[in-house]
Protein chains: 2
Amino acid sequence: MDGEEATITSDRIAHELADAIHEHRIAPGSKLNEDEVGVIFGVSRTVARAALQSLSHQRLVDLRRNRGAFVAQPSVREAHEVFEARALLEPRTARSAAERMTDDAVLRLRRHLEDEHSALREDRLGRALHLSGLFHIEIARIAEQTTIEEIIKQLVSRSSLIIALYWRRKLAVCESHAHNALISALAQHDGELAEELMKNHLLDLLASLDLSNPVRTPGPLKEALRR
Amino acid sequence: MDGEEATITSDRIAHELADAIHEHRIAPGSKLNEDEVGVIFGVSRTVARAALQSLSHQRLVDLRRNRGAFVAQPSVREAHEVFEARALLEPRTARSAAERMTDDAVLRLRRHLEDEHSALREDRLGRALHLSGLFHIEIARIAEQTTIEEIIKQLVSRSSLIIALYWRRKLAVCESHAHNALISALAQHDGELAEELMKNHLLDLLASLDLSNPVRTPGPLKEALRR
DNA sequence: GCACCCTTTTGTGTATACAATCAGAGGGCG
DNA sequence: CGCCCTCTGATTGTATACACAAAAGGGTGC
């Protein structure tokens, strides 16, 4: 009883692809060929197709009729909108999280932050960014708001694409500080502070992007699927 | 050049089914057989299946492996969460809408409200409720926040299921009043008031539900698809 | 030499066939 | 008489085949 790869469902493939996109191993604009995806995961086009459709519902890929699936390339407009939505949801959610914070949750967040640091030390920037996004999702989870968590999950996911396209400067260090400060506020059940910190953190994140010129990264093929 | 039904895409089917659910023509818990859907719309299971998957991503239907698709039955917990999310998003969005309000938008909203009244007069309660939900979406559209609009669209959609399950008293009249007051505030560009009105409107809506007992409406078959 | 059109090729859209799985009915056993 | 097991019918999961649309490539005419 070794393997657990017996059931390769479309959800699993969607997840796998999503992770690759989040870690910037697949660039925005990349073509995702149905056959290719199917071959990679050892399933037929039917299943691969379902996975791609799933990703398109999450706005991670763009499905163009008779053209195929492409990793989405959010516009500048969309970038602003996504952060606008996050600004409405996340600060108040951080406040809720502060109220519900448990010792266990503090530990989980600290461990998470530690992973982020490790990834950075190993120079796996993509992975670090991915973990950084998961940090926000973890906070929503602590707030015990599954629905809002799902929404934030999607927004963070799209943020990952936005960062891939409009990145300007390394914000890794201040990122960590921001997350660190957040953990402190949460651990002390200081909802007010947590809300404020989250609000500013999101503004910093937005400010670290260059949304002046509409970057075009045609995005080449993808051979980044090493599992 | 009469027909426009040449291309029955899965999106169209998903839309059609979604409308039926929103208007309470299909009850929560109803089984949505792939073959049946396919026959009704004159397509193969492949397309019907894609439509159902799409609806499941919107959380309108519940896809159970090897069991099939069922119209979702949100739990009491989920009901609270959905309205929690709406409370975070919609009031501030109403404020934005007030700032961007145009004469044209006012007209659109008034016409919308009028439709709602017509539906009520014709005793088409389901349709009235559906329109009432669209009203909220229209406000998000006026705020020119496509992303938030999409999120609200989903939340309103799920609210429709929640109302179908946990309805307590007729709130139709106060609904209209609330929407009317909102239009006034928006027309006067009074963001502050619009935000407050929306907040209270959502609280009223939530209060009109009976979320104490976990209703179980097994939901019979569906022959409600008269197009 | 360049541009345009036709052919070829690749890839998606859809239908259908087959395999796997589950719910329910019926019969056998305790 | 009730419980459990098995068999059957129905329905979903997956693969494959074919139809068609769009891109790629080469050839010809200007």
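In what follows, every heavy atom counts, from backbone to side chain, and hydrogens, waters and symmetry copies are set aside. Sequence lines set the chain letters: A, B, ... in the order given, protein chains first and strands last, and positions in each chain run from 1. The structure presented is a predicted model; accordingly, all values stated were derived computationally and were not measured.
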What is the distance from CD of A:Q53 to P of C:dT12, rounded to the nearest Å?
12 Å
A:K31 NZ to D:dA22 P, straight-line distance once rounded to whole Å:
13 Å
Summarise how protein sits on nucleotides 16-23 of chain C as a single string, 5' to 3': B when a protein heavy atom is under 4.0 Å from the base, S for sugar-phosphate-only contact, - for no contact.
B----SSS
Set of ring pair (Phe, Tyr, Trp, His ring centres under 6.0 Å) partners for B:H130, sequence neighbours left out:
B:H22
To the nearest Å, how far apart are A:F41 CZ and D:dA15 P?
14 Å
Rounded distance in Å - CD (B:E36) to P (D:dA10)
14 Å
Please state how far atom CG in A:L32 lies from atom P in C:dG11, giving the value in whole angstrom units.
13 Å
Is any side-chain heavy atom of B:I139 closer than 4.5 Å to one of B:M198?
yes
Please set out all donor-acceptor pairs under 3.5 angstrom arising from side-chain atoms of residues 59-68 of chain A, sequence neighbours excluded.
from	atom 1	to	atom 2	distance (Å)
A:D62	OD2	A:R64	NH1	3.4

Measure from CG on A:N33 to P on D:dA22 and round the result to the nearest Å.
17 Å
Could you pull out all residues at least two apart from A:E144 that satisfy salt bridge (Lys or Arg N to Asp or Glu O under 4.0 Å)?
none
In chain order, what residues pass the salt bridge (Lys or Arg N to Asp or Glu O under 4.0 Å) check against A:R100, with sequence neighbours excluded?
none
Between P of D:dA10 and CG of B:D35, the distance in whole Å
12 Å
Closest of D:dG13, C:dT12, D:dT14 to the B:E34 side chain is D:dG13
Applying salt bridge (Lys or Arg N to Asp or Glu O under 4.0 Å) to B:E84 and not counting sequence neighbours gives none
Please report, rounded to the nearest Å, how far the P atom of C:dT12 is from the CZ atom of A:R64.
12 Å
